[in-house]
There are 2 protein chains.
Amino acid sequence: MIRILLVDDHPVVRAGLRAMLGGFEEFDVVAEAAEGAGAIREIERLATLGEPVDVVLMDLQMGAGMDGVGATRRIRAMPTAPPVLILTTYDTDADILAAVEAGASGYMLKDAPPEQIRAAVQAAAAGETALAPEVAARLMGRIRNPAPALSAREIELVELLATGLANKAIAKKMFISEATVKTHLVHIYDKLGVDNRTAAIAAATARRIIRGPA
Amino acid sequence: MIRILLVDDHPVVRAGLRAMLGGFEEFDVVAEAAEGAGAIREIERLATLGEPVDVVLMDLQMGAGMDGVGATRRIRAMPTAPPVLILTTYDTDADILAAVEAGASGYMLKDAPPEQIRAAVQAAAAGETALAPEVAARLMGRIRNPAPALSAREIELVELLATGLANKAIAKKMFISEATVKTHLVHIYDKLGVDNRTAAIAAATARRIIRGPA
DNA sequence: CACTGGATCAACCGATCGGTTGACCGGCGC
DNA sequence: GCGCCGGTCAACCGATCGGTTGATCCAGTG
């Protein structure tokens, strides 16, 4: 029996996973948590009971409190850390990279068919890595065809851009001249494949280069 | 018994709703669909069987094909249209207004406690309107505070604005002249207390008038 | 019926932005 | 050492945007 901890802020999703996984004989959903802090408490509680969690199923987007990436990092830092399988809605590059960097051992999408999720949980429990086919394909594509990455300075500028500042104001905040701001912008437009500042914000947000405005 | 049709592109969420609603004696989940077209087929199929759907539980965000708003509009246009209760993740003005305009009889959030969802489904089945407390509060605030509220047309424009379109492109999409776009923009800037388009996007996102760009 | 407010359009002008060209400097790799 | 690249700056010009004034139409409301 593989003992599973569900972490998701939506009761509906937790019920769905519980129902879906409960249909498989080898799984036992032993606990649930709505956010990161509760997940860590559950892991510790079950460990002292001699029934340690075998796999954590973690959502990335959680409203209040610690987010999925932070929770994953914290869990992986525990002495007897169980593998963490990410189960989320979005498959953006930034999300995937952040999750892997935080120590996740897999990345699945919520709209995956049950058998795929089953295989991923089994893989994670066995200490293996499991990526959803879509996610794997994305990473392969990225390696083969790397999108032009924004430099640190350019990302900094895009973040200010998204707050609605004009070029002059951005220049002041970044301690550079307005001319330099414009130069950076041209490079940014080029890399993102757009031709104006609002489209740049949309593109940068879509690619999760920045988080949404305000 | 209230016969329910679930419409959501995520198998996990459908399973969750099925499990949650199945726990209540008065509910019977008679069918599921992953998108709008399938939902309409199911409604027609069940009607011919003499077991018409009493309530449709509909997600707004659906990857491929018809989205929730379009599906709702199509369903409400049917001769024996069942009430449609929206069950979604986001509570932005744009989403809420679009859903209500399309004929939804309720708007609930997925992270709502089961009892709240239960009450909403019962209300919808009885032909009443059911709004999540958060949503209701938002609408109330809008009514009480008429000053800083964008009109439906203005919200529509802000949404296009956030995708990065220029005035001319927005004009084309909205079937109005560029002059009118500019007039709307002036009013929008005024209401949001900003003085350029990027700041308007930031403000509109922060106030949850729209969801984040693209 | 007059009034208000939302939506539509036009003309105009100054400010800002988009795009180019060209330049200088400092670090990194071959 | 030389080339490449990221970061910095300047000048210029056409396109777009911001802001104003003024106007028409229509749907509610008092």
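Chain identifiers are assigned alphabetically (A, B, ...) following the order of the sequence lines, protein sequences preceding nucleic acid strands; residue numbering begins at 1 within each chain.
Rounded to whole Å, the distance from CD on A:E178 to P on D:dA10 is 10 Å. Here D:dC9 presents its C1' atom at 15 Å from CG of A:L185, a figure rounded to the nearest Å. As a whole-Å value, the separation of B:D195 CG from C:dT16 P is 10 Å. Between A:N196 atom CG and C:dG19 atom P the separation is 8 Å, expressed in whole Å. Across the protein-nucleic acid pair, A:E156 atom CD and D:dT8 atom C1' stand 14 Å apart, rounded to whole Å. One interatomic measurement links the two molecules: CG of B:L161 to P of D:dT16, which rounds to 16 Å at whole-angstrom precision. Distance A:H187 NE2 to C:dG18 C1': 13 Å, rounded to the nearest Å. Between the CZ atom of A:R197 and the P atom of C:dC17 there is a distance of 5 Å, rounded to whole Å.
By the 4.5 Å heavy-atom criterion applied to side chains, A:V13 and B:H10 are not counted as neighbours. With a 4.5 Å cut-off on side-chain heavy atoms, A:T163 and A:K173 do not count as touching. Using a 4.5 Å heavy-atom cutoff, the side chains of B:V29 and B:L17 are not in contact.
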Side chains of residues 44-52 of chain B: which donor-acceptor pairs under 3.5 Å do they make with residues two or more places apart or in other chains?
| residue | atom | partner | partner atom | Å |
| --- | --- | --- | --- | --- |
| B:R45 | NE | B:E42 | OE1 | 3.4 |
| B:R45 | NH2 | B:E42 | OE1 | 2.7 |
| B:T48 | OG1 | B:R45 | O | 2.6 |

Show the atom names and distances, to 0.1 Å, of all donor-acceptor pairs under 3.5 Å that link a side chain in residues 76-85 of chain A to residues at least two apart or in another chain.
| residue | atom | partner | partner atom | Å |
| --- | --- | --- | --- | --- |
| A:R76 | NE | A:G103 | O | 3.3 |
| A:R76 | NH1 | A:P82 | O | 3.1 |

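Under the rule for a side chain to side chain contact (heavy atoms under 4.5 Å, CB included), the partners of B:R73 that lie at least two apart in sequence or sit in another chain are B:V69, B:E101, B:A102. Applying the side chain to side chain contact (heavy atoms under 4.5 Å, CB included) rule to B:E25 yields no partners; only residues at least two apart in sequence or on another chain are considered. A:E178 is linked by a salt bridge (Lys or Arg N to Asp or Glu O under 4.0 Å) to nothing, counting only residues two or more places apart in sequence or in another chain. With sequence neighbours excluded, no residue forms a salt bridge (Lys or Arg N to Asp or Glu O under 4.0 Å) with B:E128. Under the salt bridge (Lys or Arg N to Asp or Glu O under 4.0 Å) criterion, A:R197 pairs with no residue, sequence neighbours left out.
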For nucleotides 21-26 of chain D, give me one character per nucleotide, 5' to 3': B if any protein heavy atom sits under 4.0 Å from the base, S if the only such contacts are to the sugar-phosphate, - if neither.
------

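Contacts of A:T180 with the nucleic acid, taken as non-hydrogen atoms under 4.0 Å apart, include base atoms.
No hydrogens or angles considered: nothing links the side chains of A:T183 and A:T180 as a donor-acceptor pair under 3.5 Å.
Within residues 165-174 of chain A, the residues approaching DNA chain C are A:A166, A:N167, by heavy-atom distance under 4.0 Å.
Sorted by first and then second residue, the salt bridge (charged side-chain N to carboxylate O under 4.0 Å, His left out) pairs with a member in residues 162-171 of chain B form an empty list; sequence neighbours excluded.
Which of C:dA7, C:dA10, D:dT8 sits closest to the side chain of B:E154 comes down to C:dA7.
Residue B:E35 comes nearest to B:R41 through the heavy atom pair OE2-NH2, 4.5 Å, listed as atom of the first residue, atom of the second, then distance.
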Write out a two-atom table: protein N or O, nucleotide N or O from nucleotides 4-6 of chain D, distance below 3.5 Å.
none

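Direction of the helix axis in the helix from C:dC1-D:dG30 to C:dC30-D:dG1 shifts by 40° between the two five-pair termini, rounded to 10°.
The phosphate of D:dT8 has OP1 or OP2 within less than 4.0 Å of a side-chain N or O from A:H184. For C:dG19, neither phosphate oxygen OP1 nor OP2 lies less than 4.0 angstrom from any side-chain nitrogen or oxygen of A:Y189.
Applying side-chain contact (heavy atoms from CB on, under 4.5 Å) to A:I75 and the options A:I43, A:L5, A:V7 leaves one that passes, A:I43.
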